[in-house]
Amino acid sequence: MIELKPDYAHAYNALGYTLADRTSRVDEAYELIGKALKLAPEDPFILDSLGWVYYRKGQLEDALKSLTSAYQARPDPEIAAHLGEVLWKLGRKDEASKLWKSALTDHPAMRRCSP
């Protein structure tokens, strides 16, 4: 897709997120998501991916900033899951729990996705 549509931000984002979430190729993921962000700087799903890359790199404050922006722009349950993970890791467990509970209340279909 990237070869066919080099200006399609979501192709870079999808590949970058996959690398960040499922491999140790976090630096490569960061570069791809950076390209996506240049093409669509306000996209909440790309901001979510950027936050997840920061989380995987151990840059929790940067992750928090990006994920908070993403969640404020679009209170999506996947973004809430990532933001909650960062809050938990930062020791803000009450905030994380409240966020997760709220996401489950607002999106009850998520319960079926839980292990």
Side-chain angles (χ1 to χ4, degrees):
M1 178 57 83
I2 291 172
E3 284 184 24
L4 294 174
K5 289 185 147 186
D7 61 341
Y8 185 53
H10 289 282
Y12 294 102
N13 184 55
L15 179 56
Y17 178 80
T18 299
L19 291 175
D21 193 50
R22 303 212 161 131
T23 74
S24 60
R25 296 164 57 185
V26 180
D27 291 332
E28 186 178 350
Y30 180 76
E31 289 179 29
L32 289 164
I33 292 167
K35 287 180 184 180
L37 204 55
K38 285 180 184 174
L39 294 167
E42 301 298 320
D43 188 291
F45 294 112
I46 297 172
L47 289 170
D48 171 61
S49 296
L50 179 63
W52 198 243
V53 167
Y54 283 138
Y55 172 79
R56 293 290 313 269
K57 291 176 82 139
Q59 296 174 243
L60 298 180
E61 292 298 329
D62 291 327
L64 180 63
K65 182 180 176 186
S66 183
L67 290 165
T68 299
S69 294
Y71 191 72
Q72 287 173 343
R74 184 171 179 123
D76 180 86
E78 183 74 19
I79 298 171
H82 291 158
L83 178 55
E85 187 74 25
V86 170
L87 289 167
W88 190 271
K89 196 82 156 178
L90 286 168
R92 296 164 61 176
K93 295 180 180 184
D94 287 342
E95 288 177 70
S97 293
K98 286 178 187 174
L99 178 63
W100 289 328
K101 286 177 186 172
S102 175
L104 285 172
T105 299
D106 294 343
H107 304 277
M110 284 181 57
R111 292 179 197 273
R112 289 179 278 177
C113 299
S114 301

K.L.:
Give a yes or no answer on whether the side chain of Y12 reaches the backbone of P6 with a donor-acceptor pair at less than 3.5 Å.
P.N.:
yes
K.L.:
Cut-off 3.5 Å, no hydrogens considered: what does the side-chain donor-acceptor table look like for residues 32-45, sequence neighbours left out?
P.N.:
from : atom 1 : to  : atom 2 : distance (Å)
D43  : OD1    : F45 : N      : 2.8
D43  : OD1    : I46 : N      : 3.1
D43  : OD2    : H10 : NE2    : 3.0

K.L.:
What is the ring orientation for W52 with H82, classed by angle as parallel under 30°, tilted 30 to 60°, or perpendicular over 60°?
P.N.:
parallel
K.L.:
Below 4.5 Å, heavy atoms only, C-beta onward: do L67 and D48 meet side chain to side chain?
P.N.:
yes
K.L.:
What residues form a side chain to side chain contact (heavy atoms under 4.5 Å, CB included) with K89, not counting sequence neighbours?
P.N.:
Y55, L60
K.L.:
In Å and rounded to the nearest 0.5 Å, what is the OG1 to CH2 distance from T105 to W100?
P.N.:
14.5 Å
K.L.:
Any non-hydrogen side-chain atom of E61 less than 4.5 Å from a side-chain atom of L90?
P.N.:
yes
K.L.:
Nearest 0.5 angstrom please: L99 CG to L104 CG, how far?
P.N.:
9.5 Å
K.L.:
If every non-hydrogen atom of G84 is compared with every non-hydrogen atom of A96, which pair is closest and at what distance?
P.N.:
O-CB, 3.3 Å
K.L.:
Is the shortest distance from a Lys or Arg side-chain nitrogen in D27 or K57 to a carboxylate oxygen in the other one below 4.0 Å?
P.N.:
yes
K.L.:
For E31, enumerate each residue passing the side chain to side chain contact (heavy atoms under 4.5 Å, CB included) test, keeping only those at least two apart in sequence or located in another chain.
P.N.:
none
K.L.:
Is a side-chain N or O of S97 found less than 3.5 angstrom from the main chain of K93, in a donor-acceptor match?
P.N.:
yes
K.L.:
Between T23 and R25, what is the shortest heavy-atom contact and its length?
P.N.:
OG1-N, 3.0 Å
K.L.:
Would a 4.5 Å heavy-atom cut-off, applied to side chains only, mark L64 and R92 as touching?
P.N.:
yes
K.L.:
Between the side chain of R56 and the main-chain N/O of A20, is any donor-acceptor distance below 3.5 Å?
P.N.:
yes
